Amino acid sequence: TGGTVWCWGLNGRGQLGDGLATPMAGKASAVQVLKESDNEPLEGIIQIQVADAATYALDTAGQVWSWGSNAFRQLGNNTVVDRARAAEVLTAVDTPLVGAIELRAGAEHVCVIRNDQTVWCWGSSSLGEVGVGTFGSVGFARQAFSDAIALDTGRRHTCAVGSDNTMSCWGNNLRGRIGVPVGSGSNDYFVLSPISVETREREIFTGFADLALGAVSCGITQDKRVWCWGYNNHGQTGSGAGSRVPTLVTDLSGAPLESVDRLIANFAGVCAYLEDGSVYCWGRNTEAQLPISSTTNVGYPSPALETCP
């Protein structure tokens with residue numbers, strides 16, 4: 001509210017940011033996030049990302065603040081000590097990360113786009129999701145990619161769209177989330193550094209404009225269509241089958257989903273927001289996670305019950 005941050009819920013690792021970690025209980029009402037440096041309220045925040053027991057915020061000055069669990073150095077201060085108040089993410093000792101314009105968090109890793117279009121990441125790199133060529137934990141923010149126009153993180157993989165409208169991905173490659181065909185030379189389980197998403201014919205896929213990552217990876221192309229690839233145990237690819245390379249999202253008749261303005265994806269499924277305000281979703285729905293008229297998994301785009309203004 002007004003650039004301040006208020007949180008509620010579980011707080012065993014300090015993820016509410018009020019300075020009081022409460023291992024056995026959470027907070028049922030909102031508490032204000034405070035800064036570690038002076039115990040004053042965190043202000044000027046324009047983006048927030050919530051991860052596994054940690055929280056991240058981007059301010060108007062382009063700095064990133066973090067608090068909560070730090071077991072994998074995901075708070076970006078090169079320690080493994082949890083923090084119950086907000087402090088700046090660093091690129092080196094006493095050197096805050098600056099110039100961030102987009103913030104994305106996976107399970108235990110975090111990435112930003114800076115105003116020079118570089119991508120910087122930190123935290124857990126158990127499957128290469130930080131993108132700097134190593135396993136383990138990365139305690140300071142490090143550059144992973146350059147010339148990015150869009151970025152997203154899955155739980156343990158990361159992708160970025162470059163200014164040439166190609167997409168590069170790194171991290172968890174289980175079930176083909178990275179977007180390269182079998183026999184491409186990439187590892188079946190992990191990719192430690194950015195690699196270009198390819199077509200089935202082993203050519204670099206071009207024409208991406210935006211993206212969204214969850215259990216699958218998806219991209220919007222410049223013609224406003226959606227392509228997805230990766231895990232399809234609940235219909236998340238939206239094309240009826242899993243694929244290691246981009247596959248066009250279609251309805252049951254084979255007609256492509258068109259005029260897509262933006263995507264949202266999570267571990268369960270994907271939703272596409274169309275230019276006319278309508279919303280179509282697909283994926284896991286056994287607990288009514290999707291805003292559609294059934295409670296079964298959906299392998300193709302299904303219209304939401306309500307449209308957006």
Side-chain angles (χ1 to χ4, degrees), residues 101-106 109-114 116-121 127-133 143-188 190-232 236-239 242-249 256-258 260-266 270-273:
I101 57 174
E102 291 288 341
L103 171 66
R104 297 290 184 270
H109 80 290
V110 190
C111 296
V112 298
I113 299 180
R114 294 178 63 185
D116 61 359
Q117 293 186 288
T118 57
V119 173
W120 292 63
C121 301
L127 292 170
E129 55 264 50
V130 172
V132 294
Q143 185 176 339
F145 189 75
S146 59
D147 207 23
I149 61 172
L151 169 74
D152 204 5
T153 52
R155 284 188 61 80
R156 287 185 171 82
H157 76 297
T158 310
C159 296
V161 176
S163 62
D164 61 356
N165 301 110
T166 64
M167 189 187 300
S168 294
C169 298
W170 55 95
N172 182 10
N173 195 31
L174 183 65
R175 311 281 184 172
R177 290 175 173 90
I178 299 303
V180 290
V182 173
S184 63
S186 69
N187 190 288
D188 283 344
F190 57 85
V191 174
L192 297 178
S193 300
I195 186 171
S196 296
V197 173
E198 297 181 347
T199 67
R200 199 172 304 278
E201 292 76 25
R202 296 295 321 282
E203 297 177 349
I204 294 177
F205 195 110
T206 61
F208 286 114
D210 205 351
L211 75 167
L213 305 188
V216 294
S217 304
C218 296
I220 303 175
T221 45
Q222 292 168 302
D223 60 2
K224 301 290 187 178
R225 295 180 175 184
V226 179
W227 299 71
C228 294
W229 56 98
Y231 205 21
N232 194 51
Q236 302 98 310
T237 62
S239 60
S243 175
R244 297 181 64 91
V245 294
T247 302
L248 186 64
V249 173
L257 186 63
E258 297 184 307
V260 177
D261 184 58
R262 64 188 178 99
L263 292 172
I264 293 177
N266 58 28
V270 184
C271 287
Y273 293 74

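Reckoned from all heavy atoms, side chains included, excluding hydrogens, waters and symmetry mates. Not measured: the values here are computed from a predicted model.
- With contacts defined as side-chain heavy-atom distances shorter than 4.5 Å, the pair Glu198/Pro246 does not qualify.
- To the nearest 0.5 angstrom, Asp152 atom CG is 5.0 Å from Leu211 atom CG.
- Summarising the geometry, atom CG belonging to Asp210 is positioned 11.5 Å from atom CD belonging to Gln222; distances are rounded to the nearest 0.5 Å.
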- Query: Taking it one step at a time, do Val130 and Trp170 satisfy side chain to side chain contact (heavy atoms under 4.5 Å, CB included)?
  - Reply: CA-CA 8 Å; Val130 172; Trp170 55 95; 5.8 Å; no
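- With values rounded to the nearest 0.5 angstrom, Arg104 atom CZ is found 10.0 Å from Leu213 atom CG.
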- Query: side chain to side chain contact (heavy atoms under 4.5 Å, CB included) between Leu263 and Val226: does it pass, once the steps are laid out?
  - Reply: CA-CA 9 Å; Leu263 292 172; Val226 179; 3.9 Å; yes
- Message: With side chain to side chain contact (heavy atoms under 4.5 Å, CB included) as the criterion, how do Ile101 and Arg114 come out once you've worked through the C-alpha distance, each side chain's angles and the decisive distance to 0.1 Å?
- Response: CA-CA 5 Å; Ile101 57 174; Arg114 294 178 63 185; over 6 Å; no
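- In this structure, Phe205 and Trp227 have perpendicular ring planes: the angle between them is above 60°, well past the 30° mark.
- Side-chain contact between Arg175 and Asn232: absent, with no pair of heavy atoms (C-beta onward) separated by less than 4.5 Å.
- Rounded to the nearest 0.5 Å, atoms OG (Ser163) and CD (Gln117) are 6.0 Å apart.
- The shortest side-chain heavy-atom distance between Ile113 and Phe145 does not fall under the 4.5 Å cut-off.
- The distance from the CG atom of Asp164 to the CG atom of Asp147 is 7.0 Å, given to the nearest 0.5 Å.
- Salt-bridge formation is detected for the pair Arg225/Glu258: a Lys NZ or Arg NE/NH1/NH2 atom is positioned less than 4.0 Å from an Asp or Glu carboxylate oxygen.
- Across all their heavy atoms, Val270 and Ala265 have their closest contact at CG2-CB, 4.0 Å.
- Counting all heavy atoms, side chain and backbone alike, Val245 lies closest to Val180 at CG1-C, 4.0 Å.
- For the atom pair SG of Cys271 and CZ of Arg262, the computed distance is 10.0 Å after rounding to the nearest 0.5 Å.
- Looking only at distances, a side-chain donor or acceptor of Thr199 sits under 3.5 Å from a matching main-chain atom of Glu203.
- Side-chain N/O atoms of Ser217 and His157 include a donor and acceptor closer than 3.5 Å.
- For the pair Thr237 and Cys228, the tightest heavy-atom approach, listed with the atom from each and the gap, is O-CB, 3.4 Å.
- Between Pro194 and Ala144 the shortest heavy-atom distance is CG-O, 3.3 Å.
- For the residue pair Thr206 and Asn165, no side-chain donor N or O sits within less than 3.5 Å of a side-chain acceptor on the partner.
- Contact record, Val260 with Ala272: CG1-CB, 4.0 Å, taken as the closest heavy-atom pair.
- Scanning all heavy atoms of the two residues, the minimum distance from Trp229 to Arg177 falls at NE1-O, 2.9 Å.
- Counted by atom type alone, Trp120 and Thr118 present one or more donor-acceptor pairs between their side chains at under 3.5 Å.
- Side chains of Thr158 and Leu151 form a contact here, defined as non-hydrogen atoms less than 4.5 Å apart.
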